[in-house]
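Each remark here refers to the structure printed beneath this line.
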Number of protein chains: 2
Amino acid sequence: MPERDHSAAIGPIYLRVRDHIADQIEQGLLQPNSRLPSERVLAESNNTTRVTARLALAQLEAEGRIYRSNRRGWFVSPPRLVYNPTEDYSFSENVMAQGRTPATETLEVTPTEVTAWLASKTGLAEGDSLVRLRRRRQVDGRPVLVENIYLNARRLPGIERFDFNRSLWKLLREHYGLELVRKQIEMFPTALIDPQAEALGVTAGTAGLYVTRCSRDQDGCFVEFDEEFWLHDTLSIQVEVG
Amino acid sequence: MPERDHSAAIGPIYLRVRDHIADQIEQGLLQPNSRLPSERVLAESNNTTRVTARLALAQLEAEGRIYRSNRRGWFVSPPRLVYNPTEDYSFSENVMAQGRTPATETLEVTPTEVTAWLASKTGLAEGDSLVRLRRRRQVDGRPVLVENIYLNARRLPGIERFDFNRSLWKLLREHYGLELVRKQIEMFPTALIDPQAEALGVTAGTAGLYVTRCSRDQDGCFVEFDEEFWLHDTLSIQVEVG
DNA sequence: AAGTGGTCTAGACCACCAC
DNA sequence: TGGTGGTCTAGACCACTTG
């Protein structure tokens with residue numbers, strides 16, 4: 001983590017409120033996943049208004065130190081999940097290896113076609129058939145990402161009949177003898193808007209990280225395009241190279 | 001880019017204002033780096049108040065579609081810079097290859113020592129000597145990142161005497177015969193706070209991407225630890241893996 | 001000097017959640 | 001039903017940038 005500037009108590013009210021709460025979190029007075037005082041209480045105890053209290057909370061949310069649960073309150077963010085998108089991996093195993101509890105829900109499995117946008121990403125021709133898979137994944141009961149996966153139906157006959165609440169990468173290996181070669185990974189910070197915000201139970205505009213991966217087999221044949229929408233405070237990307 | 005939900009005009013005012021502005025940007029009515037109408041004008045033309053207009057602007061900012069320049073106004077974000085942190089590379093060359101104009105300013109060069117935090121990152125012992133380098137980098141005149149670089153003074157004798165407004169990677173190669181081996185890369189979205197926010201001329205709490213890289217030579221000897229603070233709307237990470 | 005965003009007040013009503 | 005955040009109003013003064 002970048003080191004925090006612990007100097008000067010001067011400046012806007014909302015920054016002083018922010019630092020006050022941040023200190024309580026650092027000192028362990030507020031434990032991960034515990035609830036903060038309500039906005040009205042924070043406003044009153046800092047002799048200010050709700051608007052200003054919300055400015056302070058928005059700062060901490062942007063830093064990834066707290067998160068909100070729709071109309072239930074503000075909570076202290078637990079440590080970020082370490083994630084290496086360059087590796088074939090099992091979400092569940094990765095989460096458990098970090099002492100957390102994973103869960104996966106399959107929201108949708110639909111046959112679909114390559115759109116112009118997907119054609120540019122995959123190199124397939126527009127209209128080629130795909131299977132679209134939409135999943136939500138949780139860590140310790142909190143949804144942390146939704147993903148849209150587009151599978152090459154021609155390359156993976158019968159794929160739509162499997163149980164997708166397990167590791168897709170293992171399924172491809174065991175049933176199709178595939179070793180995936182991750183070809184292109186792209187990611188950037190952006191806001192989560194509907195329908196992703198809704199699926200995650202957060203307000204539109206919540207900060208997120210958008211990650212895509214385009215995978216091929218050993219022959220360069222397109223297998224899978226994966227589009228992930230993460231809540232921004234839930235992950236730390238870590239990659240080793242060289 | 002994730003595909004946008006272009007449905008339903010129902011819902012909160014600020015989301016309708018957001019979508020209205022977003023459409024204007026997509027249709028090219030508002031060009032990259034051009035100024036949006038002022039908050040007061042946006043409020044009035046949408047029959048609402050400044051607070052609500054600012055909510056809409058905050059949404060677009062979180063998506064990375066607009067950015068603000070301190071007390072000057074809101075501007076349309078230009079395309080994201082494509083960046084591959086796994087490669088040794090020259091910032092300037094990368095920016096120019098994408099048809100943009102780079103600039104680098106060296107803010108600070110100071111001898112310093114390994115702190116507990118740096119020791120955990122680098123494997124050096126606390127108190128070992130380092131050279132700390134702080135730089136700000138711009139694209140088309142807009143600052144997009146500040147970075148703190150910690151160089152192994154023992155491994156790089158005389159390093160403090162060089163001109164740091166050029167490619168550090170080339171300097172290490174040409175003057176020390178070093179090929180860097182990027183060992184560990186870490187990144188996550190977080191807010192930019194002081195002193196980074198100040199160096200970039202943005203308000204505290206602006207969304208950013210924090211990237212660190214720890215590099216070693218062929219013998220595994222620590223050479224450089226790099227800590228970058230990017231404005232979140234300015235970059236797209238793209239990595240290819242084998 | 002005029003205009004901009006930055007900060008702040010003091011309220012209000014609504015939708016949703018837990019009890 | 002009472003408490004939570006979500007949304008919204010109608011102002012105000014300040015700090016800074018620009019002409």
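Residue numbers begin at 1 in each chain, while the letters A, B, ... track the order of the sequences.
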Tell me which nucleotide, if any, is Watson-Crick or G-U wobble paired with dG11(C) when both distances must be under 3.5 Å. dC8(D)
What integer distance in Å separates [X]:[atom1] from [N]:[atom2]?
| X | N | atom1 | atom2 | value |
| --- | --- | --- | --- | --- |
| Phe75(A) | dA18(C) | CZ | C1' | 12 Å |
| Leu42(A) | dG5(D) | CG | P | 8 Å |
| Asn70(A) | dA18(C) | CG | P | 10 Å |
| Glu44(B) | dG5(C) | CD | P | 14 Å |
| Asn47(A) | dT7(C) | CG | C1' | 17 Å |
| Asn46(A) | dT7(C) | CG | P | 16 Å |
| Leu55(A) | dG6(D) | CG | P | 14 Å |
| Ile66(A) | dG5(D) | CD1 | P | 10 Å |

Less than 4.0 angstrom between a side-chain N/O of [X] and OP1 or OP2 of [N], yes or no?
| X | N | value |
| --- | --- | --- |
| Thr49(A) | dC8(C) | no |
| Thr203(A) | dG6(D) | yes |
| Tyr14(A) | dC8(C) | no |
| Ser38(A) | dT4(D) | yes |
| Thr52(A) | dT9(C) | yes |

Tell me what Thr48(B) touches on the nucleic acid: a base, only sugar-phosphate, or nothing, going by heavy atoms under 4.0 Å.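 Result for Thr48(B) = sugar-phosphate.
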Which nucleotide in [options] has an atom nearest any side-chain atom of [X]:
| X | options | answer |
| --- | --- | --- |
| Arg72(A) | dG5(D), dA18(C), dA10(D) | dA18(C) |
| Arg54(A) | dG5(D), dA12(D), dT18(D) | dG5(D) |
| Glu39(A) | dG5(D), dC8(D), dT4(C) | dG5(D) |
| Arg68(B) | dC16(C), dT9(D), dG6(C) | dG6(C) |

Pair Thr104(A)-Arg137(A), side-chain donor/acceptor within less than 3.5 Å: yes
Looking at the base of dG3(D), is there any donor atom on it, or on the side chain of Arg40(A), that sits under 3.5 Å from an acceptor on the other one?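 Looking at the base of dG3(D), it does not pair with any donor or acceptor on the side chain of Arg40(A) (distance under 3.5 Å).
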Any donor-acceptor pair under 3.5 Å joining the side chain of Arg50(A) to the base of dG6(D)?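 It does, because a donor-acceptor pair links the side chain of Arg50(A) to the base of dG6(D) below 3.5 Å.
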Are any of the side-chain nitrogens in [X] or [Y] under 4.0 Å away from the carboxylate oxygens of its partner?
| X | Y | result |
| --- | --- | --- |
| Arg213(A) | Glu228(A) | yes |
| Glu93(B) | Lys170(B) | yes |
| Arg80(A) | Glu186(B) | no |

Nearest-nucleotide comparison on DNA chain D, the residue closer to the 5′ end among Trp74(A) and Val51(A): Trp74(A)
As an exercise, state the distance from CG of Leu29(A) to CD1 of Ile21(A), rounded to the nearest 0.5 Å. 12.5 Å
Just to verify, which of Ile237(A), Leu209(A), Thr190(A) counts as forming a side chain to side chain contact (heavy atoms under 4.5 Å, CB included) with Pro189(B)? Leu209(A)
